[in-house]
There are 4 protein chains.
Amino acid sequence: MSGAGAGAGAGAGAGAGAAPPGRERARRPGGRTARNRALVLDAVRAQLLEHGYDGLSVDSVAERAGVHRTTVYRRWRDVGGLLADLLDAARDDDWAAPDTGSLTGDLVAVNREVHEALTSTPSLTTALIAASFRSARAASALRDFWEDRYRRCALIVERAVLRGEIPERTDARRLLVAATAPLYHQVVLLRVPTSVQFADQAAHDAARAAVAGVFTGP
Amino acid sequence: MSGAGAGAGAGAGAGAGAAPPGRERARRPGGRTARNRALVLDAVRAQLLEHGYDGLSVDSVAERAGVHRTTVYRRWRDVGGLLADLLDAARDDDWAAPDTGSLTGDLVAVNREVHEALTSTPSLTTALIAASFRSARAASALRDFWEDRYRRCALIVERAVLRGEIPERTDARRLLVAATAPLYHQVVLLRVPTSVQFADQAAHDAARAAVAGVFTGP
Amino acid sequence: MSGAGAGAGAGAGAGAGAAPPGRERARRPGGRTARNRALVLDAVRAQLLEHGYDGLSVDSVAERAGVHRTTVYRRWRDVGGLLADLLDAARDDDWAAPDTGSLTGDLVAVNREVHEALTSTPSLTTALIAASFRSARAASALRDFWEDRYRRCALIVERAVLRGEIPERTDARRLLVAATAPLYHQVVLLRVPTSVQFADQAAHDAARAAVAGVFTGP
Amino acid sequence: MSGAGAGAGAGAGAGAGAAPPGRERARRPGGRTARNRALVLDAVRAQLLEHGYDGLSVDSVAERAGVHRTTVYRRWRDVGGLLADLLDAARDDDWAAPDTGSLTGDLVAVNREVHEALTSTPSLTTALIAASFRSARAASALRDFWEDRYRRCALIVERAVLRGEIPERTDARRLLVAATAPLYHQVVLLRVPTSVQFADQAAHDAARAAVAGVFTGP
DNA sequence: AGATAACCGAGACGGTACGTCGGGTCTTGGG
DNA sequence: CCCAAGACCCGACGTACCGTCTCGGTTATCT
């Protein structure tokens with residue numbers, strides 16, 4: 001739900017989630033492997049931000065990471081593997097759906113996050129989307145990432161139900177997609193310049209529809 | 001709205017007598033030049049269908065069209081130019097929004113067309129979407145194509161207003177996007193297997209929301 | 001003189017109990033270490049026969065022998081070391097020069113052996129020759145092997161002198177080279193298809209020249 | 001007969017034999033192709049001399065020639081192709097067998113040439129021989145080269161017959177091989193340090209055998 | 001019989017070279 | 001004015017071997 005970039009950027013640095021379990025003594029090898037992973041994933045992020053997907057070659061990543069080409073090929077096989085690993089790492093974060101006290105507030109918050117992720121230039125998220133069209137592995141990892149985000153966002157709907165804002169049988173996924181899809185559509189597919197007001201409007205529309213009981217039943 | 005492929009796939013030799021892509025000065029529109037354009041665009045379509053966007057190289061198109069590489073480079077410059085020309089040609093068709101007598105019926109009809117265009121394998125439409133992430137020219141042409149389709153679909157909303165199904169001040173574009181975006185989102189971005197029921201549901205949801213007056217006002 | 005392959009191919013597990021290659025300190029000649037040596041040398045022979053010298057990589061040998069890469073690197077250092085060890089093992093056989101009762105007969109017998117070793121397909125001998133151009137260690141081992149063979153063949157000349165067939169002061173080495181060199185030349189360097197008749201002819205020519213006293217004096 | 005290097009080295013420089021036919025105006029292209037060939041073949045020669053066959057990679061040649069890797073691959077396919085082209089060019093020279101007035105003198109002259117070609121360090125000839133074991137194309141070209149040389153040397157035998165030095169039915173090829181093979185054998189295969197006296201001796205032996213009528217008959 | 005040094009399996013790594021594909025430029029020559 | 005042909009430079013691909021390194025686990029021989 002939130003742009004992939006948000007989460008993906010979180011784990012940057014020395015490979016917080018990729019560190020070896022246990023001892024810190026990254027003498028030479030032993031730690032080298034883990035350090036290389038961090039170096040490479042950082043390089044992928046940086047390269048993606050600076051030059052977009054088309055500037056993302058195994059060679060450029062390897063050079064940027066200060067690691068040998070063949071090492072990258074050995075462990076990640078190709079660009080898709082790099083992206084998949086990046087997305088997998090991004091999934092291991094602690095992102096949580098916003099909790100503003102109202103359905104509309106939560107949806108607006110989510111959509112603003114998405115808007116930010118999609119329209120910031122350069123946008124890691126759009127680069128990853130572009131990548132997903134070229135690599136099956138990246139596509140799969142991106143799908144998993146989004147599924148994870150939608151699952152976490154289900155909380156928003158549950159809370160709204162508990163508060164009595166919307167009918168009990170509201171389909172969470174359908175509502176969330178109704179709120180976010182127009183934004184993605186506008187920015188990613190139609191490529192129309194899109195203001196944050198558009199994001200807010202889509203959130204409001206979805207909330208009102210939910211209140212009207214649109215997302216219940218078949 | 002309808003998949004780009006529908007229109008684009010229509011006529012094989014569609015562009016035979018059509019105007020050349022960008023330049024106004026139609027110096028030599030007849031004879032070999034025009035024939036080559038048709039041959040090349042046909043080859044682009046065929047190559048896209050058979051091998052997807054990644055199998056679309058200037059070389060492969062040229063060979064398939066029986067034309068020399070340099071000829072393609074000279075007139076279309078790159079793959080993006082080929083796709084842009086293809087989409088421009090596709091926009092010159094006579095597609096019209098469905099007219100079933102009810103808002104829901106119309107939206108369902110549109111969404112089924114989209115569903116078909118997106119899930120047929122191979123899908124020209126998804127290939128074009130993929131292409132739009134690699135080529136600014138293709139992206140621009142695809143955007144123009146879609147804007148054209150949404151404009152034609154505005155009729156659906158106008159008729160529904162005239163019939164008194166939905167409030168007078170309903171925002172046509174917002175409604176149409178609400179109906180179609182979830183479908184694109186699901187298929188193109190989330191890559192979740194999607195049945196035609198999902199398409200129908202999205203159409204129904206949007207129609208109900210419109211009836212509830214969601215798409216009026218700010 | 002005889003093709004290197006003859007001796008080298010003799011015993012499968014030829015080196016099982018033999019001394020380790022270079023080092024004097026036979027620290028642990030028994031058990032796994034010795035078994036590994038036999039496995040590896042067998043793999044070298046087999047690989048050489050099946051794929052020639054160019055198919056002989058440390059990796060392929062290790063895999064074929066069921067031994068780890070690093071084990072091979074540790075003990076033999078590189079491909080040249082493997083070949084040198086193989087040739088050293090081959091020199092420890094009981095090959096003896098033929099004894100047919102006449103100089104011509106002996107030379108013909110030798111040349112037929114050489115011919116067989118060089119023209120059998122696949123030919124271990126030619127593979128070893130090829131190898132000798134790439135590895136100094138292999139070249140040295142091959143030279144030692146051949147010197148050993150020529151030394152053993154000197155008997156042929158001594159016997160011919162005793163029988164009074166050729167002058168007393170005949171230079172054994174010169175005669176033997178005169179008999180065999182054309183065969184090697186033809187097959188190995190000129191790469192001309194060569195029949196066994198050619199081998200016989202070279203033997204006869206050398207014998208006649210010896211009888212004529214060509215290989216005496218300076 | 002003469003070492004391959006002798007001839008091959010002759011054409012060095014600006015590609016004397018490889019120049020385009022006709023006009024000298026190697027402006028840019030047109031002449032570029034021919035100039036590239038000369039540059040590349042020169043680089044092959046130089047690289048072979050400096051680093052031997054094992055230092056001869058397509059990459060190193062391309063870099064040395066100041067030409068792009070892919071250009072070399074396109075025109076010569078691999079290292080074997082480079083060597084074959086080099087040898088083909090070498091065959092187009094005007095080398096002629098020596099004519100000293102006596103069979104022994106001619107053979108000695110030839111053998112000294114061979115000796116020089118084989119023992120000069122670095123030796124282009126031995127590098128080419130080594131190469132011929134790795135590349136079928138190089139082997140074939142080298143064979144053709146040598147066949148050409150033996151054919152030219154047949155004159156030596158014919159003249160000796162005319163002078164009445166040797167029997168009329170002497171087999172030229174057999175005699176020439178008998179004279180030169182021991183030298184190649186000693187230097188190339190046995191790798192024994194070899195003086196020019198050895199070359200002279202082999203020539204004398206062959207001449208004496210020829211006089212004795214060894215190379216007539218079956 | 002146990003200690004210990006030699007050996008081995010495992011696997012990542014940096015590195016050279018391979019041969020191929022595609023992109024995009026350029027020039028010649030012919031219609 | 002257009003086009004066919006084809007060489008070229010260039011970046012990138014993914015693979016094969018090479019030789020090195022460190023780790024942890026066996027195993028043969030010595031004490």
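Within every chain, numbering begins at 1; the chains are lettered A, B, ... in the order of the sequence lines, protein sequences first and strands thereafter.
Every side-chain hydrogen bond (donor to acceptor under 3.5 Å, both in side chains) that A/S60 has, sequence neighbours left out, goes to A/S57. Scanning for side-chain hydrogen bond (donor to acceptor under 3.5 Å, both in side chains) contacts around A/R137 gives an empty result, with sequence neighbours left out. For C/D54, the side-chain hydrogen bond (donor to acceptor under 3.5 Å, both in side chains) test picks out D/R134, with sequence neighbours left out. Residues satisfying the side-chain contact (heavy atoms from CB on, under 4.5 Å) criterion with C/A127, sequence neighbours excluded, are C/L48. Every residue was checked against the side-chain hydrogen bond (donor to acceptor under 3.5 Å, both in side chains) condition with D/R75, not counting sequence neighbours, and none meets it.
Counting to the nearest Å, the P atom of E/dC7 and the CG atom of C/L39 are 17 Å from each other. When the C1' atom of E/dA12 is taken as reference, atom CZ of A/R74 falls 6 Å away, rounded to whole Å. Distance, A/W76 CH2 to E/dA12 C1': 11 Å, rounded to whole Å. To the nearest angstrom, P of E/dG19 lies 5 Å from CG of D/D78. At whole-Å resolution of the value, CZ in A/R32 and P in F/dC23 are 11 Å apart.
Phosphate proximity of F/dA4 to B/T71: present, with a side-chain N or O under 4.0 Å from OP1 or OP2. Phosphate proximity of F/dT15 to A/Y73: absent, as no side-chain N or O sits under 4.0 Å from OP1 or OP2. Dashed line: the shortest gap from a side-chain N or O of A/N36 to OP1 or OP2 of E/dC13 is under 4.0 Å.
Side chain of A/T33, nearest nucleotide from F/dA4, E/dC13, E/dG14: E/dC13.
Counting any heavy atom pair closer than 4.0 Å across all strands shown, D/V79 reaches sugar-phosphate atoms only and no base atom. A/R77 comes within contact range of the sugar-phosphate backbone alone, with a heavy-atom separation under 4.0 Å but no base atom that close. Backbone-only contact: D/R75 has heavy atoms under 4.0 Å from sugar-phosphate atoms and none from a base.
For the side chain to side chain contact (heavy atoms under 4.5 Å, CB included) test with A/L83, the passing option among A/L41, A/L56, A/L142 is A/L56; the others fail.
For the contact set between residues 50-64 of chain A and DNA chain E, defined by any heavy atom under 4.0 Å, there are no members.
Evaluation of atom-type donor-acceptor distances gives a pair under 3.5 Å for the side chain of B/R69 against the base of E/dT25.
Without hydrogens or angle criteria, A/Q47 side chain to A/R64 main chain gives no donor-acceptor distance under 3.5 Å.
Comparing D/H68 and C/T70 by the nucleotide of DNA chain F that holds the closest heavy atom to each, the one mapping nearer the 5' end is D/H68.
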